[in-house]
Asks: 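Dropping the structure in here first, questions after.
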Amino acid sequence: MFYLNDPIKEETLKQELYSNMSFVALIIRTSDGQIVGCNNFAENFYGYTSDILCSKNINTINQLPKIEVDLEIERAKSCKRNFFLFKHELSNGDVKDVYVYSYPFVEEGNDYLLSIVVEAQTIDSKVIEYMDQLKMNEVIIDSIQDLIYTIDIIEDKLVVKSINEASKSIIDFESMDLIGQNPSMFIHSRDIGIFFELKNSSDYQLNKTVLHITKDKRSINLDTNINKVELNGVTTFICVARDIRENIMLVNNLDYTKNLFTNLFNNSHDSMFIINKNLEVKDFNNVSRALFDIQQNKLGMDLVKALDITNTSIYDKLHEAILIGYHSFKFEYDDKHGVTKYLRFIVNQIDEVEEKPNKDYFVIIVDESDMIITQKTTQLYQHIFEHNSEGVIVTNDKGIIQWANPAFCILSGFNRNEIVGQNPRVLQSGKQDEVFYQEMWNSILKTGSYSTEIWNKNKQGILYPTFLNVYKIEQSFDKNLSYIGIVKDLTAKKKLENKVTNLYNKDRLTKLFNRYYFEEKLKVMMDNHNKCAVILIEVDEFKKINDLKGHDYGDRILLDIASKLEFVFEERMISRMGSDDFGILFEFTRFGSVEECLYKFFLMLRPREGSSNKTLNYTVSSGISIIQGDSISVNQTIKNAAIAKDRASKTRGNHFSIYSEEMAKELRYKMELEEALEIATTEQEFYVMYQPIYNTRLDRYTGVEALVRWEHHSYGSISPGVFIPIAEANGFIKDIGYYVLQQCCNDFSVLKECFGEDVSIAINMSPLQFEQSEVVNNMYQMVKEHNINPSSFEIEITESSYMTNINYFMEMTDEFKRLGFSIVVDDFGTGYSSLNRLVELDVDKVKIDKSFIDHIGSLKKYEELIEVINNISKTLDMDVVAEGVEKDFQYDFIKKLGIKYVQGYYKSRPVKIEYIREVIK
Ligand code: C2E
Ligand code: CA
Ligand code: CA
């Protein structure tokens, strides 16, 4: 602080001081860093003219993060004055460590900061510590070791008007002790005359080494810059006195200095050497030993050679230093291992002492390699982040975005200003729920990172898929840099994926996924232990519908199902598994149970009231397999659903069943039977029973139906209702068919004897047997071999047999008829009951199914139906058989209608050939 009572004078003095301060750079800047003024020294120091310097912002000169400048400003404004160590870039590209000391002032309502910039290399860090102890920090307008004072000449007497607090450290005086006093208190009488000389001279400035005196009468030579100012007839001198030698070494107390120096020398973190003007090493400290691997024998050696530096350009710089007496420079070279070293050399001339006429030099070598490498890699990282094609954001510990790279801005549609300060929540698409984000954060906090595919929303509200990596910055030096998010745009990849998926994984007709893709997804679900179910849905008797109504109709059904499934099961994975079956992957995490969804679906399948005949008419069967535990395979899961579906299809028409162990047992039993069937033929476990058929008009038995039996060696007798479908499925039915016919032929003589010459033997033929084109001829040959007339045989076919491929079937039946066999339609009334077909096929008999007979006496409708069938048959010249007649009233009803044949337990059960005589007696 200047202790002046005249404000105008104070201002002028300040200005003088400001522009002529010859050892420190002064900069005036606005609080946002724009430089608006500087002194001559600043021009020289930075290497810019004041015009150019004033067009710059201090932040562009400063190489450290802006945050430090902000902190400095904040400190300066709150008058917590402090030195800040910055790195300032000069016009020649050199970066210098500088101490900046700032204080605020207001002019015409604007905030400014006056900063004093001092090069840090002029002071060793230890000295700073030392000065700290001396409370140098608190000094105002301080150039660290510069002593600043003003002297007035009043009536030919010199009076100290102001002095800064450097007085304490340099000359041991309190400033208050000197103000108003004669400067001879601290300026040697030898030099006091220069003020008078300057006053009378035409010069306004003088640079001179002035001998100063401390309070305890020590003398110090200070290079002093004296400025003369004349105001209102008063001559004022502004003096800035600087100790350009290491001031520490100038303290007169030699022991203390020596001690201090030795301490500094040996304990410094920087390498230190003492050399002479020929660069010969005279001493070095411990750090040098470690840093440069220098042994004692290097003493007397050329410094450059001692350091093993092969780049000889350093000589110029060192010689320059010797010449000037002080120099600080950077030197970069590759060491013998090829590693680039960044060294800073600070050379200082050591005070010349009379008894030692040859000057020595003090060389401090600071290894800045680590710092510079860090700086460079930091810049490199920044470059990489800035130019990364993936979006990068950095958030603080509260998750607020602090920084975003251009790629991120493009991806999100927000510019940097809009996104910085936001919570990443603004990017949420709504596709992931709260639980998802919760899990993500838990993982980040626990493991330090998380990566996931995630949907984001851009500024325009459009959703886009991304791959997100989040990392917690461990041991973050700054709470503003706590998390890094790297966001990769998956839009293109997803598009391609979708294309490929569609190409390879979708069904062409329904555009649903195919079985292959379904299984893949199911595997992923099962591997992840997701709780889910597989639903299979199959169209009942699709093959028949297709054959009967054409493939276009079939396709329409499939499309109808696909659209309804999509409606009911929404985003769940729906696939077309085969020709007429569909699969649904049902995750339980979402709302709605499997059953509910299926009921909804079945409801949609019901033909709507009043709808025209355009409505598709079909039903489906569905099976569900719920995945619990992980012991079963994908294949098994689908198989289980298929088992359940087969079970459901037994009760035709929009039913479902859920797979159970019971079903599996049943299936296993079936499979065992299948195996057993194979041996049954060779082991002769089959035999034939005959059920007599009664002619109501002749009042006697006129024929039989041959019914096959299987006596399994361990299961006992197995019903044909159980094994015929199995035999049909694996093709054994053909062998069984021939076996039955063979047996009938063998028993023919007995049957003829019992039922007369015109006996008719009905044998059942499965539609599967018709698949062999040679079956007609084979049967004919077999009959002929036994000299039996084919007219003794009736071929029983069910309505369902001729539903598929009617033309082929007609060829076969025509052939049978041509050879003399009769054709009987079995189970009439249970299938499609197409009268047209009966005529086309030239059927001889129809068998009214037991289910009609069962309703006689209870349901009038069925009685009427039986009558209608009978009447039509008469018109078409076909005989009628009533099958499954068990009760007398049923028999009476049939007889009264005039139906010709009756078959049923009322008359007789099927019996073995040896009992047939007894039964018909
Ligand atoms: P289906 O051709 O309708 O045979 C008539 C079935 O009804 C026989 O059962 C017979 O025992 C039974 N039945 C006859 N009258 C009555 C009655 O009054 N009450 C009751 N409850 N049942 C009566 P079965 O022998 O168990 O045969 C079942 C089915 O197995 C047959 O039905 C037929 O479709 C098939 N089947 C039997 N033998 C053969 C064969 O040799 N070849 C082929 N392809 N299928 C056969
Ligand atoms: Ca039959
Ligand atoms: Ca029947």
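Each ligand, and each atom within it, is numbered from 1 in the order the structure gives.
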Asks: Mind checking whether Phe513 and Tyr517 have parallel, tilted or perpendicular rings, split at 30° and 60°?
Replies: parallel
Asks: With respect to the Ca ion (ligand 3), what is the nearest N, O or S atom of Asp826?
Replies: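 Atom name returned: OD1.
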Asks: Please determine if Tyr906 has a nitrogen or oxygen closer than 3.5 Å to a nitrogen or oxygen of ligand 1.
Replies: no
Asks: Considering both backbone and side-chain atoms of Gln903, is one of its nitrogen or oxygen atoms within less than 3.5 Å of a nitrogen or oxygen in ligand 1?
Replies: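 No: no nitrogen or oxygen of Gln903 is under 3.5 Å from one in ligand 1.
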Asks: Nearest to the Ca ion (ligand 3), which N, O or S atom of Asp827 do we find?
Replies: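 When I compare the N, O and S atoms of Asp827, OD1 is nearest to the Ca ion (ligand 3).
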Asks: Could you tell me whether Lys650 and Glu666 have a side-chain N and a carboxylate O separated by less than 4.0 Å?
Replies: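 Yes.
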Asks: If you consider just the N/O/S atoms, which atom of Glu883 is the closest one to the Ca ion (ligand 3)?
Replies: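 Closest to the Ca ion (ligand 3) among those atoms: OE1.
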Asks: Could you check which N/O/S atom of Glu705 is closest to the Ca ion (ligand 2)?
Replies: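 Relative to the Ca ion (ligand 2), the closest nitrogen, oxygen or sulfur of Glu705 carries the name OE2.
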Asks: Under 3.5 Å, N or O to N or O, is Val708 touching ligand 1 that way?
Replies: yes
Asks: With a 4.0 Å cut-off on heavy atoms, is Glu728 touching ligand 1?
Replies: no
Asks: Taking both backbone and side-chain atoms of Glu886, is any N or O found less than 3.5 Å from an N or O belonging to ligand 1?
Replies: yes
Asks: Ser766 pairs by side chain to side chain donor-acceptor pair (under 3.5 Å) with which of Glu796, Glu728, Glu771?
Replies: Glu728
Asks: Would you call Lys564 and Asp560 a salt bridge, using N to O less than 4.0 angstrom?
Replies: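 Yes, charged N to carboxylate O under 4.0 Å.
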Asks: Apply side chain to side chain contact (heavy atoms under 4.5 Å, CB included) to residues Lys817 and Asp842 and explain how you reach the verdict.
Replies: CA-CA 9 Å; Lys817 293 211 58 154; Asp842 194 9; 3.6 Å; yes
Asks: For atom 13 (N) of ligand 1, what is the closest protein heavy atom, and at what distance to 0.1 Å?
Replies: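 The answer is Tyr905 CE2, 3.8 Å.
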